[in-house]
J.: 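Handing you a structure now.
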Amino acid sequence: MTEDSHIQYRVQDGIARLTLNRPAKMNAITAAMGGEIARIAREIDCDDAIKVLIIDGAGDRAFSAGSDVNMLDDLGTPWEGRNRADYDRDYIAPLLGLRKPAIAAIDGYCLGGGLEVAITCDIRIATHRSLFGAPEVQRGWHAGSGNTSILPRLIGYGNAAMWILTGDIFPAEEAYRVGFVQRLCAPEDLDAEAMNLAARLAKNPPIAVQSAKNVIRQSQGTSVAQGLSWENDGYTLCMMTEDAREGMRAFGEKRDPVFRGK
């Protein structure tokens, strides 16, 4: 478990939880926080004991209002900002590259860079009072880490264009309607919903889960034929594992399988 003033991180029973902990600033993300998130993402991917990640925000006002606009100068020169991943200041690319499944537990505002954090997750759960948007265009720029390139793949071109080009804020029901959010719940149920889902994912064999996530992600940007080829390669790899053999044995013996990630 690690904890500082702005990022909380702990692991229990194979489930990692990363909390954006700046509630007084609506969990706006600083460059220093971005570096810590990148470090934690690498740690998660290298720890075989971790099966699932949950990302949430402290307090009841926001998941995250995005990058802290007042601290954008901390990214350095425009060239350094453009290459922020090389300076360990980009928190989106490491999260997007996670092999393990990630769940966003959203309560309150989910805007700008906060929306991009949610985009990096595979499944999003939100409270009915949550609000979503990509307001950057109203300030004179657009997103730089996923809203313009990934959001259209999640919710469709027209819906993404509506969000990004207007910069407006949309209610949770709209986010659910367009498929950005997979589940809605009451605020008091959010933690339990996220933990129950994480526990459900953690029960599955990790090699199969990570291979399936990889094929899902990779196939979004290529042809069906290439996606099917990657899918077949992943399937073949999974069928060579001890977990697959255990799954077949358990099915035949009518018992719960015991997966070991091998």
J.: In plain terms, say whether Asp107 and Arg129 are close enough for a salt bridge, that is, a side-chain N and a carboxylate O under 4.0 Å apart.
T.: yes

J.: Any Lys/Arg nitrogen of Arg139 or Glu136 sitting under 4.0 Å from an Asp/Glu carboxylate oxygen of the other?
T.: no

J.: Please tabulate, for the side chains in residues 220-235, all donor-acceptor contacts under 3.5 angstrom to protein atoms that are two or more places apart in sequence or on a different chain.
T.:
{"from": "Gln220", "atom 1": "NE2", "to": "Ile216", "atom 2": "O", "distance (Å)": "3.2"}
{"from": "Ser223", "atom 1": "OG", "to": "Gln226", "atom 2": "N", "distance (Å)": "3.1"}

J.: Should Val209 and Leu201 be marked as a side-chain contact (heavy atoms from CB on, under 4.5 Å) after you check the CA-CA gap, both sets of side-chain angles, and the distance that decides it?
T.: CA-CA 8 Å; Val209 168; Leu201 298 182; 5.8 Å; no

J.: Would you call Lys51-Asp13 a salt bridge at under 4.0 Å N-O?
T.: no

J.: For Ser64 versus Leu20, what's the shortest heavy-atom pair and its separation?
T.: CB-CD1, 3.7 Å

J.: Apply salt bridge (Lys or Arg N to Asp or Glu O under 4.0 Å) to Glu173 and list each qualifying residue two or more places apart in sequence or on a separate chain.
T.: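 Expected list: none.
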
J.: Using the ring pair (Phe, Tyr, Trp, His ring centres under 6.0 Å) criterion, which residues pair with Tyr176? Sequence neighbours excluded.
T.: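 Once residues adjacent in sequence are excluded, Tyr176 has no partner under the ring pair (Phe, Tyr, Trp, His ring centres under 6.0 Å) criterion.
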
J.: Show the nearest heavy-atom pair for residues Arg124 and Val181, with the distance to one decimal.
T.: O-CG1, 3.6 Å

J.: Any sub-3.5 Å donor-acceptor pair from Thr120's side-chain atoms to Leu95's backbone N or O?
T.: no

J.: What's the separation between atom CZ in Phe259 and atom CD in Glu242, rounded to the nearest 0.5 Å?
T.: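 It is 10.5 Å, given to the nearest 0.5 Å.
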
J.: Check the side chains of Thr19 and Arg10 for a donor-acceptor pair under 3.5 angstrom, ignoring hydrogens and angles.
T.: yes

J.: Please report the closest heavy-atom contact between Asp243 and Pro206, naming both atoms and the distance.
T.: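 Heavy-atom minimum between the residues: OD2-CD, 3.9 Å.
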
J.: Closer than 4.0 angstrom, basic N to acidic O: yes or no for Arg17 and Asp191?
T.: yes

J.: Using a strict cut-off of less than 4.0 Å between a Lys/Arg side-chain nitrogen and an Asp/Glu carboxylate oxygen, indicate whether Arg183 and Glu193 qualify as a salt bridge.
T.: yes

J.: Using every non-hydrogen atom in the two residues, find where Gly179 and Ile155 come nearest and quote the distance to one decimal.
T.: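 For Gly179 versus Ile155, the nearest heavy atoms are C-CG2, 4.4 Å.
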
J.: Between atom CG of Asn214 and atom CG of Leu237, what is the distance when rounded to the nearest 0.5 Å?
T.: 10.0 Å

J.: If we ignore angles and hydrogens, is there a donor and acceptor under 3.5 Å between the side chains of Ser67 and Tyr91?
T.: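 There is such a pair (donor and acceptor under 3.5 Å, judged by atom type) between the side chains of Ser67 and Tyr91.
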
J.: Could you state the interatomic distance from CG (Asp48) to NZ (Lys262), rounded to the nearest 0.5 Å?
T.: 10.0 Å

